[in-house]
Amino acid sequence: MTAGGDCPGMNAALRAIVKSAVYRHGLQVTGFLDGFAGLLADQARPLGSDDVSGILTQGGTILGTSNRDDPFHVPVQGPVARTHVDRSDVVLATLSRHGIDALVVIGGDGSLTIAQRLGQKGVPIIGIPKTIDNDVSGTDLSLGFDSALSVATEAVDRLHSTAASHHRIMVLELMGRHAGWIALEAGIAGGGDVILIPEIPFRYESVAEGILNRVKRGRRFSIVVVAEGAKCPSGRTVVREIIEDSPDPVRLGGIGAVIAHALGALVPFEVRYVVLGHLQRGGSPTPFDRMLATRFGVAALQALIDGDQGSMVALNGNRIDRVPIGDAVSKRKSVDPAGERVTIARSIGTVFGDEQSLSECKRAD
Ligand code: F6P
């Protein structure tokens, strides 16, 4: 099954699972539809090698997905109020009706947390980490991140020429939830001048100082790359929408506009903002994600054959490993503000809008 937000590479992982199950191990595969909703409503289809032929390059998931359904927290409308009940037994009954021996869950931290709880109820589970946010612990990379990074980097590249021609400040808001991986890496790879991420609190004065410093060097434009989860100087995140009943009801979005407005009062340039949004989740997976998906899919099947249960396949350096799902979902993988990537970005003059950036700007003055 595929669960949570879609991303490029899910289909490639499904293909690898089905092909290795059929060709290598002689197993039958059933696909459940629309994430955990399919397990609750018993929506499934058999998956043979013909069903996964030609999907390697397709974005999204042929099984469908959902980031709203949690079998341990199903909404029920009572006569007076809405309550939530645990329907995980329905999932167990569905699995047993289909004669399922083990469940492979291609999901992010929310879906893998649900998978882990099903594992505690006796379902043999193997997880495959996927999320453009790259915030699952225990693995260096999650499936889909590289593809999203490539789209985000291209957006930074494309903003350069229009920003330079009009002498403007362009603010680009990227996804990532509460982690700054996409903004940090697209910012570095695309040569963004300012990078704002949730892990490094920023102040507008420091961002403006960085932009004005560039003016002194003759650069009459700047690109500001901001993660949707970056916190305003007041400490608030900007919320786009609350989706009740979703395991993670908060949908972030809107900080790009807030920053553009605030900077407009501090710098002598026009400021525009762009929200890249779901474009980061669409399209064909990069060659790296196709490789990773294939490696993860084959490794997940092997883990089940080895009798492993409750593990997640993971990328460790260039090796595929297994880690307990519990370890992977116990905490979010965040950007280390003192880590190598932030340090190299600072070394080449990237502004993070914090005190350190401010003193670096003053030193460069
Ligand atoms: O987790 C993936 C992700 O794309 C986040 O980066 C983003 O905050 C969220 O999903 C958006 O969710 P939805 O598709 O429900 O708007």
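When a ligand or atom number is given, it counts from 1 through the structure's own listing order.
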**Study point:** For atom 3 (C) of ligand 1, the protein heavy atom that lies nearest, with its residue and separation
**Key:** Arg281 NH1, 3.4 Å
**Study point:** Working for ring-ring contact (aromatic ring centres under 6.0 Å, His included), residues His84 and Phe72
**Key:** CA-CA 8 Å; His84 292 87; Phe72 293 93; over 10 Å; no
Check your understanding: Any ion pair linking Arg45 and Asp51 (charged N to carboxylate O, less than 4.0 Å)?
Key -> yes
**Study point:** Arg240: numbered ligand 1 atoms lying under 4.0 Å from its heavy atoms
**Key:** 16 (O)
Review point. Looking at Asp354 and Arg346, does any basic side-chain N land under 4.0 Å from a carboxylate oxygen?
Key: yes
Review point. Can you tell me the protein heavy atom closest to atom 8 (O) of ligand 1 and the distance?
Key: Glu228 OE2, 2.5 Å
Check your understanding: Going by the angle between their ring planes, with limits at 30° and 60°, are His160 and Phe221 parallel, tilted or perpendicular?
Key -> perpendicular
Check your understanding: Which atoms of ligand 1 are found less than 4.0 Å from any heavy atom of Arg251?
Key -> 12 (O), 13 (P), 15 (O), 16 (O)
Review point. So, does Gln280 use its side chain to make a donor-acceptor pair with the main chain of Met175 at under 3.5 Å?
Key: yes
Exercise for review: For Gly176 and ligand 1, answer yes if some heavy atom of the residue is under 4.0 Å from a ligand atom, otherwise no.
Suggested key: yes
Review point. Do any N or O atoms from the side chain of Glu199 and from the backbone of Ala179 form a donor-acceptor pair under 3.5 angstrom?
Key: no
Practice item. Give a yes/no on ligand 1: does Asp133 have at least one heavy atom closer than 4.0 angstrom to it? Key: yes
Check your understanding: For ligand 1, which atoms, with element, lie under 4.0 Å from some heavy atom of Ile132?
Key -> 4 (O)
Review point. Under 3.5 Å, N or O to N or O, is Asn67 touching ligand 1 that way?
Key: yes
Check your understanding: Taking only heavy atoms of Arg177, which atoms of ligand 1 are found under 4.0 Å from at least one of them?
Key -> 5 (C), 6 (O), 8 (O)
Review point. Which residue owns the protein heavy atom closest to atom 14 (O) of ligand 1, what's the atom, and how far is it?
Key: His278 NE2, 2.9 Å
**Study point:** Face-on cation placement of Arg68 at Phe36 ring, 6.0 Å and 45° thresholds
**Key:** no
